[in-house]
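Throughout, a chain's letter reflects where its sequence line sits, starting with A, and its residues are numbered from 1. Note that the structure is a prediction, hence the values are computed from the model and not measured.
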Amino acid sequence: MSLVTATIPTPDGAFTATFTAGGLAALDFPAADVSQPKPLAADTPGAQCDWLETTRRALLAVLAGKKPNRLPPLDLTRGTPFQQAVWQAMTAIPAGETRTYGELARAIRRPRAVRAVGRACGANPVPVLVPCHRVLAAGGRLGGFSAGLDWKRRLLAREGVMPRA
DNA sequence: AATCGTCGTTCTT
DNA sequence: AAGAACGACGATT
């Protein structure tokens with residue numbers, strides 16, 4: 001499977017997007033090290049050029065706390081069926097709203113797999129656009145975030161969500 | 001604050 | 001191929 005990667009500059013740093021033939025398969029937070037922006041190769045298929053632009057706009061929207069007009073096609077086939085179910089359920093959380101890990105578990109009909117849901121959230125390959133930051137622990141507590149809780153707080157603050165201290 | 005139930009994933013035999 | 005260990009949890013004590 002041929003992969004295409006490109007960096008997307010934003011006010012919050014340069015994200016890295018990875019596309020397969022199926023769509024956006026990974027979105028990585030800005031790396032700690034200062035890496036050079038990577039432009040799209042000249043022979044990149046037109047569809048993926050379009051996806052990159054759509055991804056760029058959607059990413060900037062969410063970072064600004066707004067709801068993106070449209071998302072690029074997502075290639076989430078890299079996960080197990082359970083993970084895909086969790087990721088799918090997360091895409092249904094609107095900007096400015098949150099769900100708990102327990103609510104997400106109930107949504108996918110595995111009400112007792114709460115901890116496993118947390119793990120699946122951490123394995124989300126397309127953070128920000130698949131809004132794992134909108135999943136909080138019970139009682140309005142923040143819970144965890146693989147990219148660091150500061151990112152989670154920042155993304156939520158942009159959407160007007162203030163998790164309980 | 002400490003403990004336990006729960007379950008998908010990952011790490012060890 | 002099992003089995004043990006480990007969580008971005010939640011409820012109970």
I need the [atom1]-[atom2] distance between [X] and [N], as an integer number of Å.
| X | N | atom1 | atom2 | answer |
| --- | --- | --- | --- | --- |
| A:Arg110 | B:dT9 | CZ | C1' | 14 Å |
| A:Arg109 | B:dC7 | CZ | P | 16 Å |
| A:Phe145 | C:dC9 | CZ | P | 13 Å |
| A:Leu155 | C:dA8 | CG | P | 18 Å |
| A:Gln84 | B:dT9 | CD | P | 10 Å |
| A:Arg141 | B:dA1 | CZ | C1' | 13 Å |
| A:Arg78 | B:dT9 | CZ | C1' | 17 Å |
| A:Arg106 | C:dG10 | CZ | C1' | 10 Å |

| said: I need the single residue from A:Leu155, A:Leu149, A:Thr98 that forms a side-chain contact (heavy atoms from CB on, under 4.5 Å) with A:His133. Which is it? | reply: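 So, applying the side-chain contact (heavy atoms from CB on, under 4.5 Å) to A:His133 and each of A:Leu155, A:Leu149, A:Thr98, only A:Leu155 qualifies.
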| request: Scan A:Lys152, A:Arg99, A:Arg141 and name whichever one has a side-chain contact (heavy atoms from CB on, under 4.5 Å) with A:Leu136. | output: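 The passing option is A:Lys152.
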| task | Look up atom CD1 in A:Ile93 and atom CD in A:Glu103, then write down how far apart they are to the nearest 0.5 Å. | result |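 Those atoms lie 8.5 Å apart.
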| said: Given the structure, check if the side chain of A:Arg115 and the base of C:dG10 hold any donor-acceptor pair shorter than 3.5 Å. | reply: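 Donor-acceptor pair under 3.5 Å: no.
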| message | I'd like to know if A:Arg119 reaches the base of C:dC6 with its side chain, counting only an N/O donor and acceptor under 3.5 Å. | response |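 Counting by modelled atom types and ignoring angles, a donor-acceptor contact under 3.5 Å is found here.
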Identify which nucleotide among [options] has an atom closest to any side-chain atom of [X], counting heavy atoms from C-beta outward.
| X | options | result |
| --- | --- | --- |
| A:Ala116 | C:dG10, C:dA8, B:dC7 | B:dC7 |
| A:Ser146 | B:dG8, C:dA8, C:dG10 | C:dA8 |
| A:Arg112 | B:dT6, B:dT9, C:dA8 | B:dT6 |

| field | Minimum-distance pair of heavy atoms, taken over all atoms of A:Pro68 and A:Ala61 | value |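 Looking at all heavy atoms of both residues, the shortest contact is CA-CB, 3.9 Å.
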| task | Pick base, sugar-phosphate or nothing for A:Gly102, based on heavy-atom distances below 4.0 Å to the nucleic acid. | result |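 Sugar-phosphate, backbone atoms only, no base.
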| request: For A:Phe82, report the nucleic acid contact type (base, sugar-phosphate, nothing); a contact means any heavy atom under 4.0 Å. | output: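 Here A:Phe82 touches the backbone only, sparing every base.
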| message | Taking pairing as Watson-Crick or G-U wobble with both contacts under 3.5 Å, can you name the mate of B:dT6, or confirm there isn't one? | response |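 Pair assignment: B:dT6 / none.
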| request: Tell which nucleotide pairs with B:dT12, taking only Watson-Crick or G-U wobble pairs whose two distances are both under 3.5 angstrom. | output: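 Its partner is C:dA2 (Watson-Crick or G-U wobble, both distances under 3.5 Å).
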